[in-house]
Amino acid sequence: MTPVHRDELWIGGAWVPPESSERIGVENPYTEEVFGHVPAGTAEDVNLAVSAARAALPGWANLPAAERGAALGRLHRALAARADEIARIVGLELGTPLKIAKAVQAGLPLTVLAGYAELAAQPWAEETIGNSLVVHEPVGVIGAITPWNYPLHQVIAKVGAALAAGNTVVLKPSEMTPLVAFLLADAAAEADLPPGILNLVSGTGPVVGAAIAGHPDIDMVSFTGSTATGRAISHAAADRVARVSLELGGKSANVILEGADLVKAVKVGVGNAFLNSGQTCTAWTRMLVHRVHYDEAVELAAKTAAGYTLGDPFDPATRLGPLASAVQRDRVRGFIERASARLVAGGLDAPVPATGHFVAPTVFADVDPDSELAQEEIFGPVLSIIGFDSDDEAVAIANNSRYGLAGAVWGSDERALAVARRLRTGAVDVNGGAFNPFAPFGGYKQSGIGRELGAYGLAEFQQVKAIQQ
Ligand code: NAD
């Protein structure tokens with residue numbers, strides 16, 4: 001079994017001792033016990049990692065595509081061999097129920113990485129525009145900073161795309177869920193990747209994250225996390241005009257039109273809102289329902305929420321795990337406490353397991369679209385239901401948000417598609433359309449800048465050059 005005490009950093013193709021002997025403890029949010037640790041990296045460790053990434057860049061960028069693809073294929077195989085361990089580690093450090101951890105926390109990044117191994121093997125497209133030859137090149141050394149809620153997926157969305165596009169990477173995973181990224185470094189070691197193309201420096205945001213964001217020799221910072229941190233990283237990178245891509249928060253709407261398949265729309269909608277205990281940036285946390293279906297939808301949503309089994313992430317009966325930390329739980333409880341809408345399921349007095357940072361699945365009806373509940377990203381299992389009378393009103397309420405990451409529409413195909421086109425978000429699922437890990441993923445408005453996943457995600461890590469002849 002993988003060690004959960006990690007004392008070294010992966011830099012330049014070797015495990016190296018960190019500059020400082022300080023460690024960051026990793027808590028199991030179900031048992032509330034610290035069960036592992038990682039090095040608390042420093043700016044000096046970041047310098048070392050950036051030097052290694054810079055030194056590795058020309059070799060990796062100029063490798064024939066087939067060889068880059070083969071290297072990423074080896075990385076994928078080494079990581080796939082660790083799939084059960086990935087699910088176990090994410091279950092321990094984040095509290096995701098094991099079944100979901102296997103499918104989403106392990107399965108999804110493996111699918112994404114396999115796609116990038118294939119894309120890496122294809123030569124970068126070139127095109128002729130008049131007398132210009134347009135070519136693509138890597139951006140350079142990439143700083144990747146990731147959050148805790150999908151700790152391997154968010155890493156692979158950056159690392160897979162950046163490496164496929166010929167860049168080299170310095171990665172800082174979240175200090176709350178850092179252990180799974182060490183499994184990626186183990187896989188990189190086993191896959192015999194060229195030294196220095198992938199470097200891992202664990203540590204806190206204000207120390208390692210800030211050192212990456214402000215590093216003069218990092219060409220681009222790719223960040224996933226909160227809007228507030230995204231803003232700070234943009235400021236730091238602006239001083240040297242470094243490229244920044246941001247995947248930030250969301251407050252997505254699930255729009256249920258008149259005549260929709262109500263039972264399916266509500267069940268899928270509640271499942272989406274509470275996936276990963278609501279700690280999902282794309283979660284459909286606002287359910288907008290046409291008035292003709294409103295009362296039935298509220299009743300159904302409340303009943304569905306009340307049917308969730310909370311408990312040990314490693315118990316197969318568990319559908320909802322704890323929140324990632326005590327801080328996150330208290331933050332979510334604060335939103336519930338301040339809410340002035342009609343509570344129809346869950347709430348602060350609903351029973352939860354004796355240990356673990358739990359919040360009961362909570363549903364509010366008659367939510368004011370301008371209220372804190374409907375405007376702020378709560379990042380917990382809290383669903384707000386809002387009524388509307390027309391498609392126009394539904395679109396106006398859905399777009400009444402400073403975020404624009406995802407969303408859903410249910411109704412007759414043509415009408416639902418027409419509403420989907422009017423939503424100002426980076427993605428919309430119509431009548432239960434499945435998540436596509438190769439489609440562009442990213443936000444409008446304060447949900448971010450740029451796109452991840454698939455060919456669009458790869459293009460984010462490329463420069464475009466015009467050669468006139
Ligand atoms: P966060 O912004 O606190 O932290 C994210 C990462 O940034 C962590 O690695 C952290 O150490 C680092 N960081 C913190 N301060 C920093 C600083 N000053 N400089 C540089 N790095 C710093 O976010 P979180 O709490 O880990 O994650 C939750 C948030 O992430 C939610 O708002 C959620 O919506 C968002 N999120 C967005 C997406 C997306 O793709 N759009 C995906 C997942 C999560």
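Quick caveat: nothing in here was measured; it's all calculated off a predicted structure.
Between Arg82 and Glu190, at least one side-chain nitrogen of the basic residue sits less than 4.0 Å from a carboxylate oxygen of the acidic one, meeting the salt-bridge criterion. One finds a salt bridge joining Lys158 and Glu452 here, because a Lys/Arg side-chain nitrogen approaches an Asp/Glu carboxylate oxygen to under 4.0 Å.
A donor-acceptor contact shorter than 3.5 Å links the side chain of Arg68 to the backbone of Leu63. Using modelled atom types, no side-chain atom of Arg88 and backbone atom of Phe314 make a donor-acceptor pair closer than 3.5 Å. Side chain of Asn199 to main chain of Val169: a donor-acceptor pair is present (N/O by atom type, distance under 3.5 Å, no hydrogens or angles). The main-chain N or O of Gly454 is found under 3.5 Å from a side-chain atom of Tyr116 such that the two form a donor-acceptor pair. The closest donor-acceptor contact from the side chain of Asn28 to the backbone of Phe35 lies at 3.5 Å or more, if one exists at all. Proximity of a side-chain donor or acceptor of Glu93 to a complementary backbone N or O of Val180 within less than 3.5 Å is detected. Side-chain N or O atoms of Glu372 include none that pairs as donor or acceptor with a backbone N or O of Phe335 at under 3.5 Å. A donor-acceptor pair under 3.5 Å is formed between the side chain of Arg74 and the backbone N or O of Ala191. A donor-acceptor pair under 3.5 Å links the side-chain atoms of Asn272 to the main chain of Trp284, judged by distance alone. In this structure, Lys251 contributes its side chain and Glu377 its backbone to no donor-acceptor pair below 3.5 Å.
Pairing each heavy atom of Trp124 with each of His136, the nearest pair is CE3-O, 3.5 Å. Nearest heavy-atom pair across Leu94 and Gln105 is CD2-NE2, 3.5 Å. Residues Gly69 and Ala120 share a closest heavy-atom pair of CA-CB, 3.8 Å.
For the atom pair Leu113 CG and His153 NE2, the distance stands at 12.0 Å (nearest 0.5 Å). Annotation: the span from Leu108 atom CG to Gln154 atom CD amounts to 10.0 Å, rounded to 0.5 Å. In this structure, OG on Ser277 lies 13.0 Å from CZ on Arg329, to the nearest 0.5 angstrom. Note: Asn149 CG to Leu275 CG = 10.0 Å, rounded to the nearest 0.5 Å. Here Asn254 contributes atom CG and Trp410 contributes atom CH2; the two are 7.0 Å apart, rounded to the nearest 0.5 Å. Taken from CG in Leu198 to CG in Asn167, the straight-line distance is 12.5 Å, to the nearest 0.5 Å.
Taking the six-membered ring for Trp and thresholds of 30 and 60 degrees, His5 and His37 have ring planes inclined between 30 and 60 degrees apart.
Using a 4.5 Å heavy-atom cutoff, the side chains of Ile218 and Arg240 are in contact. Side-chain atoms of Ile24 and Ser202, non-hydrogen and from C-beta on, never get closer than 4.5 Å to each other. Side-chain contact check for Phe274 versus Val363: some heavy-atom pair is nearer than 4.5 Å. A 4.5 Å side-chain heavy-atom check between Cys281 and Tyr403 finds every atom pair outside the cut-off. Using a 4.5 Å heavy-atom cutoff, the side chains of Thr425 and Leu405 are not in contact.
The environment of CD in Glu137 is crowded: more than 12 heavy-atom neighbours from other residues, nucleotides or ligands sit within 6.0 Å. More than 12 heavy atoms of other residues, nucleotides or ligands shown are found within 6.0 angstrom of CZ on Arg23. The number of heavy-atom neighbours closer than 6.0 Å to CD of Glu8, taken from other residues, nucleotides and ligands shown, is above 12. Applying the 6.0 Å contact sphere to NZ of Lys267 captures no more than 12 heavy atoms from other residues, nucleotides or ligands.
Among residue pairs with one or both ends in residues 36-54, those qualifying as salt bridge (Lys or Arg N to Asp or Glu O under 4.0 Å) are Arg54-Asp217, Arg54-Asp219; sequence neighbours excluded.
The closest side-chain donor-acceptor pair between His215 and Asn47 falls under 3.5 angstrom. No donor-acceptor contact under 3.5 angstrom links the side chains of Asp186 and Trp10, judged on distance only.
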Inset, instruction - I would like to know whether Glu19 and Thr42 meet side chain to side chain donor-acceptor pair (under 3.5 Å); could you show each step before the answer? - result: CA-CA 7 Å; Glu19 189 217 8; Thr42 62; 2.7 Å; yes

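Among Leu98, Val104, Thr96, Thr177, the one residue that satisfies the side chain to side chain contact (heavy atoms under 4.5 Å, CB included) test with Val90 is Thr96.
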